[in-house]
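Note that the structure is predicted; figures quoted are calculated from it, not measured.
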Amino acid sequence: MREVIHQHGLLYTWQGSAPSLEPLLLLAHQDVVLWRLRRATHGRGHNDIERQTIWGRSAVDCKQFVIGIMSSVDTLIASGFQPKSTVLLSFGFDEESGGNQGAAHISKVILNRYGKYGVAFIVDEGTPILPADDPSSYGQPLATVAVTEKGSLNVHMAISSRGGHSSRIIATLEDHPFPDVLGDASHASLQHLQCLRDAPHMPKHLRRALQELERAEKGLDATWVSTGGRHASLPRLRRWYEKFCRADDGLDHSVRVAPTTLFANTDTAWYTKVTRNIFRFGPQSLYPDLTGMFVSKQLHTVNKHTNIDGLIESAHFFTNLIVAASHSPIESLASPGA
């Protein structure tokens with residue numbers, strides 16, 4: 001079923017065969033950032049294809065995911081596949097300016113239809129798979145999944161008090177800091193760096209700092225294990241590092257998976273009451289960027305481009321995700337009080 005919401009917002013519902021299961025929600029946005037055409041060296045007219053690369057204003061951020069999602073659904077429908085969990089596709093049209101006209105309205109429809117936290121999980125645009133030649137990977141191929149994103153807050157303070165030096169106000173604020181309401185989410189960026197700690201090109205001073213931080217946490221937050229008269233401490237960070245960055249499970253870990261914090265904002269800000277499980281991930285593949293212009297540096301500027309093979313692999317990702325959701329139970333990844 002296709003619904004048009006607030007003139008240009010699109011919501012597709014592919015009804016699952018098991019109505020009792022929570023639906024999954026795939027997001028992307030239709031709008032793109034404007035740029036001055038005369039500054040572009042590629043993709044000045046319609047989308048151009050050159051050297052296994054698609055050039056154009058909508059090549060990334062994020063029409064490639066709109067195409068990947070729709071292509072995967074088309075393929076599955078054509079094959080006769082019937083999902084158990086309902087599949088929702090939501091495409092806003094003003095994400096780049098805050099989503100007030102698109103995602104804000106679509107999310108209300110979903111919330112009213114399925115209730116608070118009634119969706120199993122969301123996958124939206126987000127951090128990419130970094131190849132070894134990307135400067136941000138330090139030589140270690142890495143699939144980064146943003147489990148939180150940057151926020152912003154503007155505060156206007158008006159204070160009435162007896163006369164005195166303004167530094168007293170600053171001292172009072174410092175003596176009464178705001179409580180930490182982020183919890184483990186505030187560690188996502190740190191966990192990202194810890195997964196890259198032994199990458200080939202990780203700067204030595206940063207590697208030492210991460211190791212020292214692990215040792216410090218070992219002393220502050222340790223779990224004691226006693227076996228055969230011997231005692232050993234297993235810190236939270238070490239447990240996490242061994243589980244996710246150095247897992248010995250027989251699988252290929254040449255590409256590591258790590259959580260992170262998204263440096264930008266997405267339409268997911270409007271969906272926090274829809275589900276507790278939000279993943280911001282760009283399923284771009286690890287094919288080398290043949291242009292010499294890293295995709296991550298061309299998001300909001302001219303010469304946007306994406307690799308053709310990466311576009312195909314993104315469709316494969318969404319296809320496998322929908323199929324997997326129908327064969328594996330979806331467990332809540334957040335605490336009930338989150």
- Do His105 and Trp270 pass the side chain to side chain contact (heavy atoms under 4.5 Å, CB included) test, and can you show the C-alpha distance, the side-chain angles, and the key distance before you say yes or no? CA-CA 9 Å; His105 292 264; Trp270 297 101; over 6 Å; no

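- If you check the side chains of Ser189 and Thr260, you find no donor sitting under 3.5 Å from an acceptor.
- Once rounded to the nearest 0.5 Å, the distance linking NZ of Lys63 with CG of Asp31 reads 8.0 Å.
- A perpendicular orientation is assigned to the rings of Phe318 and Phe65, their planes being inclined by more than 60° (bins at 30° and 60°).
- By the criterion of side-chain heavy atoms lying less than 4.5 angstrom apart, applied directly or through intervening Ile, Leu, Val, Met, Phe, Trp or Tyr residues, Leu111 is grouped together with Leu88 in one hydrophobic cluster.
- Pro283 places a side-chain heavy atom less than 4.5 Å from the side chain of Ser314.
- Atom CD1 in Ile69 sits 7.0 Å away from atom OG in Ser72 (nearest 0.5 Å).
- No side-chain heavy atom of Glu95 sits under 4.5 Å from any side-chain heavy atom of Val33.
- Of the possible polar contacts, none joining the Asp61 side chain to the Val32 backbone as a donor-acceptor pair under 3.5 Å is found.
- Nearest heavy atoms, Lys84 versus Leu21: CB-CD1, 3.9 Å.
- Thr319 contributes atom OG1, which lies 10.5 Å from atom CD of Glu313 (distance to the nearest 0.5 angstrom).
- Heavy-atom minimum distance, Phe81 versus Ser326: CZ-OG, 3.7 Å.
- The two atoms that bring Gly139 and Pro141 nearest to each other are O-CD, 3.7 Å, heavy atoms only.
- Here the closest non-hydrogen pair linking His192 and Pro259 is CB-O, 3.2 Å.
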- Decide yes or no on side chain to side chain contact (heavy atoms under 4.5 Å, CB included) for Leu26 and Met70, but give the supporting numbers first. CA-CA 10 Å; Leu26 305 179; Met70 296 300 285; over 6 Å; no

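- With hydrogens and angles left out, the side-chain atoms of Arg2 and Tyr12 include a donor and acceptor closer than 3.5 Å.
- Thr266 and Glu149 share a donor-acceptor pair across their side chains, judged by distance under 3.5 Å alone.
- His8 has its ring centre less than 6.0 Å from the ring centre of Phe93.
- Looking only at distances, no side-chain donor or acceptor of Thr13 sits under 3.5 Å from a matching main-chain atom of Gln15.
- Residues Leu193 and Leu213 fall within the same hydrophobic cluster, defined by Ile, Leu, Val, Met, Phe, Trp and Tyr side chains chained together at heavy-atom separations under 4.5 Å.
- Side-chain contact between Leu10 and Val4: present, with at least one pair of heavy atoms (C-beta onward) separated by less than 4.5 Å.
- Side-chain polar atoms of Arg208 and Gln211 form no donor-acceptor pair below 3.5 angstrom.
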- Task: List the steps, then state whether salt bridge (charged side-chain N to carboxylate O under 4.0 Å, His left out) holds for Glu212 with Arg207.
- Result: CA-CA 9 Å; Glu212 291 173 2; Arg207 180 182 291 120; over 6 Å; no

- Message: Quick one, Phe263 with Lys150, criterion side chain to side chain contact (heavy atoms under 4.5 Å, CB included). Give me CA distance, side-chain angles, the key distance, then yes/no.
- Response: CA-CA 6 Å; Phe263 58 84; Lys150 179 195 71 175; 5.8 Å; no

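- Val274 and Val109 fall within a single hydrophobic cluster, where Ile, Leu, Val, Met, Phe, Trp and Tyr are joined by side-chain heavy atoms under 4.5 Å apart, directly or via other members.
- Val66 and Leu25 are members of different hydrophobic clusters when ILVMFWY side chains are connected at heavy-atom separations under 4.5 Å.
- Follow the hydrophobic side-chain contacts under 4.5 Å out from Val257 and you never reach Ile278; the two are in separate clusters.
- Taking a cutoff of 4.0 Å between a charged side-chain nitrogen and a carboxylate oxygen, Arg256 and Asp198 qualify as a salt bridge.
- A 4.5 Å side-chain heavy-atom check between Val119 and Leu24 finds every atom pair outside the cut-off.
- The backbone N or O of Ala104 lies less than 3.5 Å from a partner atom in the side chain of Ser107, making a donor-acceptor pair.
- The distance from the NE2 atom of His201 to the OG atom of Ser137 is 7.5 Å, given to the nearest 0.5 Å.
- The two residues Cys195 and Leu142 come nearest to each other via the heavy atoms CB-CD1, 4.5 Å.
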Atom pairs and distances, donor-acceptor, side-chain atoms in residues 120-130, under 3.5 Å, two or more places apart:
unit_1	atom_1	unit_2	atom_2	d
Glu125	OE2	His29	NE2	3.0
Thr127	OG1	Thr144	O	2.7
Thr127	OG1	Thr144	OG1	3.3
Thr127	OG1	Ala146	N	3.3
Thr127	OG1	Arg280	O	3.4

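- Residues Thr148 and Ala188 share a closest heavy-atom pair of CG2-CB, 4.2 Å.
- Under the 4.5 Å side-chain criterion, counting only non-hydrogen atoms from C-beta, Ile106 is not in contact with Asp267.
- Within the model, atoms CD of Gln52 and CG of Leu311 stand 11.5 Å from one another, a figure rounded to the nearest 0.5 Å.
- Between the side chain of Gln64 and the backbone N or O of Gly282, no donor-acceptor pair lies under 3.5 Å.
- With contacts defined as side-chain heavy-atom distances shorter than 4.5 Å, the pair Tyr271/Leu27 qualifies.
- No donor-acceptor pair under 3.5 Å is formed between the side chain of Asn307 and the backbone N or O of Thr53.
- One finds the CD1 atom of Ile77 at 5.0 Å from the CH2 atom of Trp14 (value rounded to the nearest 0.5 Å).
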